[in-house]
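Have a look at the structure below, then the notes.
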Amino acid sequence: MTLAAAVVLIATATSAVAQSRAIYQQTQYKGQEIGKLTGDVYYARMDEYLSVFMVTPDGIVLVEPIGTEFATWLKGELASRFKVPVKFVIYSHHHWDHGSGAAVFADTARIIGHEAMIARLAMPPASTPLPQNVRAQDANGNGRIEQGEAQANLQTQFTLYDQDRDGALSGAEVTRGPLVFVRPPDLTYRDPITITLGGKRVEVLPKPTAHADDNTIVRFVDGSGVLFASDWITVQRVPFGGDVATKPELALVKTVEPLEFEFFVCSHGMLGKKSDVVSNIRYREELREAVAKAIGAGQTLEQAQASVTMDAYKNWEFYAQQRPGNVAGTYRALKAGN
Ligand SMILES: [Zn+2]
């Protein structure tokens with residue numbers, strides 16, 4: 001083996017290790033598998049995470065690449081099962097645990113993302129100081145976090161932050177985030193676009209949210225009826241964060257209901273149907289109504305968190321963890337007129 005070949009092998013191994021399944025969110029969903037949804041549309045799972053793809057005689061349209069290790073596995077599976085190349089990869093948003101690994105498909109695919117993704121992937125100026133919340137990790141006080149100093153996320157995701165691979169994280173690298181393996185899109189869009197491959201249409205729809213201003217949802221149209229949305233609309237799972245029932249968020253989420261589809265896939269958890277999307281919207285509406293009632297009755301935030309129990313959703317995943325934050329965010333939003 002030549003030295004160059006050996007170096008390439010090491011680099012490949014490093015990037016695979018960098019995004020091993022273990023650094024991703026872990027839940028009760030386990031395993032790596034491909035399964036059919038309907039027609040020519042399939043899902044692919046890596047533990048908690050889900051992607052979707054459509055197979056045509058002219059090639060494959062894929063949404064989330066998820067990560068370098070998963071994308072490498074998936075590429076091999078797609079080649080041996082379907083014998084056509086991936087022609088398009090569509091990003092849902094820039095976050096590392098969904099957008100990493102598209103480079104694996106770059107030899108045959110065009111990579112599509114919302115135009116707001118470009119700014120999210122850009123490296124801030126070199127003069128950017130370490131963010132306040134990680135400055136304590138800079139034990140030697142040189143303004144950078146060396147591998148030996150890194151703790152928590154900066155430790156487990158060190159290679160995902162270290163863009164220039166110099167073994168230390170600058171303020172700019174920490175500020176940008178763990179995005180080393182998120183390849184910038186080849187093609188950006190702002191208004192809805194439709195991709196046609198093998199005579200079948202795929203709609204790429206912009207839905208900028210509080211979670212991600214580059215959020216994209218994807219609707220597989222002909223002979224399928226599958227909608228994919230990452231993070232934003234979850235299946236029998238309480239939505240994450242506080243901004244789940246603000247006026248703009250409710251208005252945006254309700255634009256999904258009239259779309260025509262039968263199967264729904266969120267990037268996390270269990271597979272769903274359209275009724276799951278409707279339930280997710282109803283949860284948000286009922287939450288807003290209940291919190292408004294609590295405010296009307298003169299309840300404090302703490303009282304509202306205790307009284308707004310959303311009992312009909314007690315069996316949803318993350319109920320215990322997310323309900324209090326949902327109530328708090330909605331309480332603050334209503335008080336602020338949002
Ligand atoms: Zn995300």
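In this text, all values refer to a predicted model and were calculated from it rather than measured experimentally. In listed order, ligands and their atoms are each counted from 1.
- Side chains of Asp231 and His211: a donor on one and an acceptor on the other come within 3.5 Å.
- Taking the ring axis of Phe263 as reference, the NZ or CZ atom of Lys273 stays within 45° of it and closer than 6.0 Å to the ring centre.
- Protein N/O/S atoms found under 2.8 Å from the Zn ion (ligand 1): His93 NE2, His95 ND1, His211 NE2, Asp231 OD2.
- Around the CD atom of Gln321, the shell of radius 6.0 Å holds more than 12 heavy atoms that belong to other residues, nucleotides or ligands.
- Within the 4.5 Å cutoff, the side chain of Glu262 has no heavy atoms near those of the Val226 side chain.
- Using modelled atom types, one finds no donor on one side chain facing an acceptor on the other under 3.5 Å when comparing Thr56 with Asp58.
- Ring orientation note: the planes of His268 and His98 are nearly perpendicular, at an angle over 60° on the 30°/60° scale.
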